[in-house]
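Keep in mind that the numbers below use all heavy atoms, side chains included, and drop hydrogens, waters and symmetry copies. Here, residue 1 is the first one in the sequence, and each next residue gets the next number. In listed order, ligands and their atoms are each counted from 1.
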Amino acid sequence: MRNAIWLACAATLLVPAPAFAKLANERTPTQEGTFIAPAGTAFFSFAHRFTVGASPSYSVANVPTFHLSAGVLDWAALGALYSTETATVPGASQELELFAKERFLDEGAGALLSASLKEAYNMTSQSADLEASLSKRLGPVTVFGTARGMSNFQYSGQMRAVGGLGLAFSPTPYLALVADASASPMRAATEPPVAWGAGVQIQIPSTPHTLALHATNTGSTTIQGSSVATDTVRYGFDFTIPFSNAKQWTDIVMPEQPAPTPAAGATFDAKAFFTGHCIACHGPLGAGGFGPDLRPVEAKGDDFIRNRIKTGSPKGMPPFASQLSPADLDALVAFVKSL
Ligand code: HEC
């Protein structure tokens with residue numbers, strides 16, 4: 001089972017797919033929301049949550065969770081969460097959760113709200129865990145709801161049901177202020193009543209990555225981990241890394257050579273020219289990197305795009321006027337608009 005997940009993830013890396021990113025307002029610290037990696041892509045994120053011990057040692061303890069998943073269908077993903085130091089199961093240090101997740105309603109595709117179901121097996125607590133998530137955008141606010149069921153909570157032999165709510169407020173598309181809380185009617189009197197998280201999440205402009213800074217009284221980010229309220233407040237971050245395109249990774253060891261300028265009279269291939277001259281800064285899919293994301297540039301008009309390509313920019317783009325005939329330039333402008 002574990003090998004199958006790694007294989008599925010590896011296989012998706014070989015298939016070029018559209019760029020995607022999990023946005024800043026698609027999760028909260030203890031609720032992962034309804035997002036799944038699209039078919040043919042893999043998704044990696046890691047969360048680190050720290051506590052600092054008392055004087056004089058000030059020893060730092062970290063609860064990290066690594067998430068790797070692969071989109072097998074546009075609405076279904078397989079993956080695993082792994083923590084090398086968990087606060088979920090008393091006495092256990094590592095924690096592994098294997099999961100399948102399906103999104104059956106997608107607001108981005110016109111549905112009234114987004115809804116997903118995650119079926120997981122927590123190997124550490126030997127528990128079948130289920131999580132239903134809803135999310136709904138209302139202007140700059142996204143509301144999250146989650147219901148979880150666990151057959152062997154914290155390896156205690158007890159079942160557990162947990163319900164939670166979350167909010168993300170996005171004053172800009174790149175920024176979200178987030179908070180969430182969840183609780184169980186089945187908790188023992190000795191347990192802290194509420195598992196909570198709060199923080200700031202940033203979509204790093206011109207990259208497919210998000211960075212979250214948060215405070216929470218939970219440990220790992222598995223279904224169980226997000227449901228265990230501890231007495232300790234941890235401060236940490238998480239970072240998301242979508243793998244949507246194999247080429248950007250093969251480039252590390254086999255960089256693409258610039259395409260030779262075609263001989264006079266040869267037909268101009270705008271895509272090949274783009275690959276040879278533009279992707280180093282604008283990314284293989286034009287989604288940006290050192291240079292800006294080119295997908296929205298169509299709105300600035302043909303003349304703007306043509307001039308920028310011809311003359312470049314003092315902000316770091318070289319001019320291409322001498323390498324392109326007017327007809328070539330037209331073809332390249334059309335290609336840029338098609339990104
Ligand atoms: C060395 C890096 C680099 C290369 C190579 C490069 N660009 Fe750029 N490009 C930039 C930077 C930086 C900007 C932002 C310039 C500015 O805002 O003044 C930019 C801006 C642009 C814009 C305008 C985007 C906007 O929203 O304002 C277009 C269109 C564009 N580039 C197309 C291309 C094309 C097509 C190629 C290949 C023929 C290319 N670039 C090659 C760095 C690069």
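Salt-bridge check for R295 with D293: passed, with a basic side-chain N closer than 4.0 Å to an acidic carboxylate O. Ion pair D302/K337 flagged as a salt bridge, since at least one NZ, NE, NH1 or NH2 atom sits closer than 4.0 Å to an Asp/Glu carboxylate oxygen. With salt bridges taken as basic N to acidic carboxylate O contacts below 4.0 Å, none links K118 and D129. Note on K101 versus E119: no salt bridge recorded, every NZ/NE/NH1/NH2 to OD/OE distance being 4.0 Å or above. Under 4.0 Å is where a charged nitrogen must lie from a carboxylate oxygen, and between E131 and R148 at least one such pair does. Salt-bridge check for R49 with D238: failed, with every basic side-chain N at 4.0 Å or more from each acidic carboxylate O.
Ligand-side atoms of ligand 1 in range of G316: 1 (C), 2 (C), 3 (C), 42 (C), range being under 4.0 angstrom from any heavy atom. Annotation for ligand 1: atoms under 4.0 Å from non-hydrogen atoms of C281 are 1 (C), 2 (C), 3 (C), 4 (C), 5 (C), 42 (C), 43 (C). Listed by number with element, the atoms of ligand 1 under 4.0 Å from a non-hydrogen atom of K315 are 12 (C), 16 (C), 18 (O). For ligand 1 and F273, the ligand atoms under 4.0 Å from any heavy atom of the residue are 38 (C). The ligand atoms of ligand 1 that sit less than 4.0 angstrom from a heavy atom of I309 are 35 (C). Remark: ligand 1 atoms within the under-4.0 Å shell around heavy atoms of V336 are 35 (C).
Residue contacts with ligand 1 leave out F335, since none of its heavy atoms falls under 4.0 Å from the ligand. At least one heavy atom of P292 lies less than 4.0 angstrom from ligand 1.
Within the set R295, E298, K300, the minimum heavy-atom distance to atom 27 (O) of ligand 1 is found for K300. The heavy atom nearest to atom 29 (C) of ligand 1, considering only L339, L294, N307, L332, is found in L294. Here atom 16 (C) of ligand 1 lies nearest to S313 when heavy atoms of G312, S313, C278 are compared.
Atom 8 (Fe) of ligand 1 is the vertex of the angle joining SD of M317 and NE2 of H282, which measures 180° to the nearest 10°.
Ranking the protein heavy atoms by distance from atom 22 (C) of ligand 1 puts R308 CG, 3.3 Å first. Looking from atom 24 (C) of ligand 1 to the surrounding protein, the closest heavy atom is V297 CG2, 3.6 Å.
Aromatic ring orientation, F66 versus F44: parallel (interplanar angle below 30°, classes split at 30° and 60°). F99 and H67 have perpendicular rings, their planes meeting at more than 60° on a 0 to 90° scale where under 30° would count as parallel.
Contacts between P318 and ligand 1 below 4.0 angstrom, taking non-hydrogen atoms only, involve the side chain exclusively.
At a cut-off of 3.5 Å, with distance as the only test, no side-chain donor of N152 or S127 sits close to an acceptor on the other residue. With 3.5 Å as the limit, one finds a donor-acceptor pair spanning the side chains of E95 and T222. At a cut-off of 3.5 Å, with distance as the only test, a side-chain donor of T210 or T240 sits close to an acceptor on the other residue.
The shortest N or O to N or O distance between H277 and ligand 1 is not below 3.5 Å. The N/O atoms of D293, backbone and side chain alike, include none that comes under 3.5 Å of an N/O atom in ligand 1.
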